[in-house]
Protein chains: 2
Amino acid sequence: MPIPLPLVGDEPQERRDAARNRDALLVAADALIAEQGVDAVTMEAIAARAGVGKGTVFRRFESREGLMAALLNRSESAFQAAIISGPPPVGPGAEAMERLLAFGHARIALNLLHRRLIIAAGRAGTRNYATVSFTAMHVRYLLTELGVRGDLPFFATALLAPLEVPVLEQQVEIEDMQVNRIVEAWDDLVRRVVAG
Amino acid sequence: MPIPLPLVGDEPQERRDAARNRDALLVAADALIAEQGVDAVTMEAIAARAGVGKGTVFRRFESREGLMAALLNRSESAFQAAIISGPPPVGPGAEAMERLLAFGHARIALNLLHRRLIIAAGRAGTRNYATVSFTAMHVRYLLTELGVRGDLPFFATALLAPLEVPVLEQQVEIEDMQVNRIVEAWDDLVRRVVAG
DNA sequence: GCCTAAAACGGACCGTGGTCCGATTTTGTT
DNA sequence: AACAAAATCGGACCACGGTCCGTTTTAGGC
């Protein structure tokens, strides 16, 4: 009497064709984005390039935003890995303040690098629950280590907010701020919050 | 030899039918939004309700985002007026710190009140150059008055960033933060930045 | 009032994101 | 190997934002 229960994880295992098509779609999306830029790539083009129907794309990724989020997810996972188990100063081993500043610098660089993709991913991207809560949790943890008093969840969010793509884009593209300046000013902000 | 120069302002004066239709469209949009919510309202529905063709809507407001921004603009103008010439503590007359905190509280309330509209207005909305630069300029001015040292343009942006709709929405709707708590925590943040 | 140029109108048309459902493939069972 | 159920596939189809262009309205000089 075998009971077909998915004992661990709620992903019931992907069928072979499904997995193959998912990979093909990610590869196709990467290639097309590299060729024409994020904004010019349509879902139908991706489907065609991957040799599947449009319906398949939406079944796998829910929406355009979902697909973009899936692309982002890979670099985001690498970033999380670097934080959890990578070398200092981003990874463990450096003191908290050093780690916090290094984290911010990396976040800024990453957000600028992937800004088009992040915007295209919309609510499914950086605002995605998993990503947001991980980074917020990390910052909260570092603030705790630093002995900061006050509403730590809010402070974490407040320190992360000016690193969001729309804000960075406004500063870099419209107000002509140099990235260097943003980094230094953010460091100053962090020190003030920590100093209490 | 009369030269038809628009001496002041570059708006060459709207034709009568154009003005009439613009008003009708704003009224129609207001009504439909009140009835069905921002997200359910289509441009075609607005046009129909106003008794004009779809093309007219886009000629007047450029895009859906532009129309939403126009709706927002009215309350945004009132807010700016309150800052420039309204009663304290938001308007002039109170001391700088009091004004800054009052400004933040008002901004939070306004952003939450109009969040659907602000999201629908996208880049044309809060991220709109005029609005952003006005509020940033005001905060910068108050920070100057408070004798804050450092990169004031960045600090102004950094204090405004956590008040943006996506951030507020995340906190209120997903993390179940009370608005009161956000307000108090933001005040704390401001004091730390000002304290240097 | 009439005439003309400029401006605005409106709805047919297009592209793209997203849905639906009959056809096809996979998987496990016997 | 054959079969059946379940999952997937794929492309026709839909809705909505946005564009285009022939037609109509306005403004204002005579």
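None of these values were measured; they are calculated from a predicted model. Throughout, a chain's letter reflects where its sequence line sits, starting with A, and its residues are numbered from 1.
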- Task: Could you tell me whether A/Arg16 contacts a base, only the sugar-phosphate backbone, or nothing, with contacts defined as non-hydrogen atoms closer than 4.0 Å?
- Result: sugar-phosphate
- Message: Checking contacts here: which listed nucleotide (C/dC9, D/dC9, C/dG18) is nearest the side-chain heavy atoms of A/Ala18?
- Response: D/dC9
- Query: Can you list the steps and then say if B/Val57 with B/Asn21 is a side-chain contact (heavy atoms from CB on, under 4.5 Å)?
  - Reply: CA-CA 9 Å; B/Val57 190; B/Asn21 286 338; over 6 Å; no
- Do any N or O atoms from the side chain of A/Thr56 and from the backbone of A/Val52 form a donor-acceptor pair under 3.5 angstrom? no
- Task: Pick base, sugar-phosphate or nothing for A/Arg20, based on heavy-atom distances below 4.0 Å to the nucleic acid.
- Result: sugar-phosphate
- Please state how far atom CD1 in A/Ile46 lies from atom C1' in C/dT16, giving the value in whole angstrom units. 12 Å
- Rounded to whole angstrom units, what separation is found between the CE atom of A/Met68 and the C1' atom of C/dT16? 12 Å
- Message: Measure CG/B/Leu25 against C1'/C/dC9 and give the value in whole Å, please.
- Response: 12 Å
- Message: Can you say whether a donor on the side chain of B/Arg15 sits under 3.5 Å from an acceptor on the base of C/dA7, or the other way round?
- Response: yes
- Task: Inspect the contact between B/Asp30 and B/Arg74 and indicate whether a charged nitrogen and a carboxylate oxygen are less than 4.0 angstrom apart.
- Result: yes
- Task: Give A/Arg22 one of three labels, base, sugar-phosphate or nothing, depending on what nucleic acid heavy atoms sit under 4.0 Å from its own.
- Result: nothing
- Query: Do A/Asp187 and A/Arg192 sit within salt-bridge range, that is, some charged N less than 4.0 Å from a carboxylate O?
  - Reply: no
- Query: Mapping B/Asp17 and A/Gly53 to their closest nucleotides on DNA chain D, which lands nearer the 5' end?
  - Reply: A/Gly53
- Message: Distance check needed: C/dT19 P versus A/Arg60 CZ, whole Å only.
- Response: 15 Å
- Among the nucleotides D/dG18, C/dA8, C/dG17, which one has an atom lying closest to any side-chain atom of A/Phe58? C/dG17
- Query: Quick one: salt bridge (Lys or Arg N to Asp or Glu O under 4.0 Å) partners of A/Arg49, sequence neighbours excluded?
  - Reply: A/Glu35
Listed pairs, N/O of protein and of nucleotides 13-16 of chain D, under 3.5 Å:
none

- Message: Show the nearest heavy-atom pair for residues B/Ala94 and B/Pro89, with the distance to one decimal.
- Response: CB-CA, 3.8 Å
- Query: Any side-chain N or O of B/Thr56 under 4.0 Å from OP1/OP2 of C/dA8?
  - Reply: no
- Does B/Asn21 place a side-chain N or O at less than 4.0 Å from the phosphate oxygens OP1/OP2 of C/dC9? yes
- Message: Suppose the criterion is ring pair (Phe, Tyr, Trp, His ring centres under 6.0 Å): which pairs have a residue in residues 91-116 of chain B, not counting sequence neighbours?
- Response: B/Phe79-B/Phe103, B/Phe103-B/His138
- Message: Is it the case that D/dG10 (base atoms only) and A/Arg59 (side chain only) share a donor and an acceptor within less than 3.5 Å, ignoring hydrogens and angles?
- Response: yes
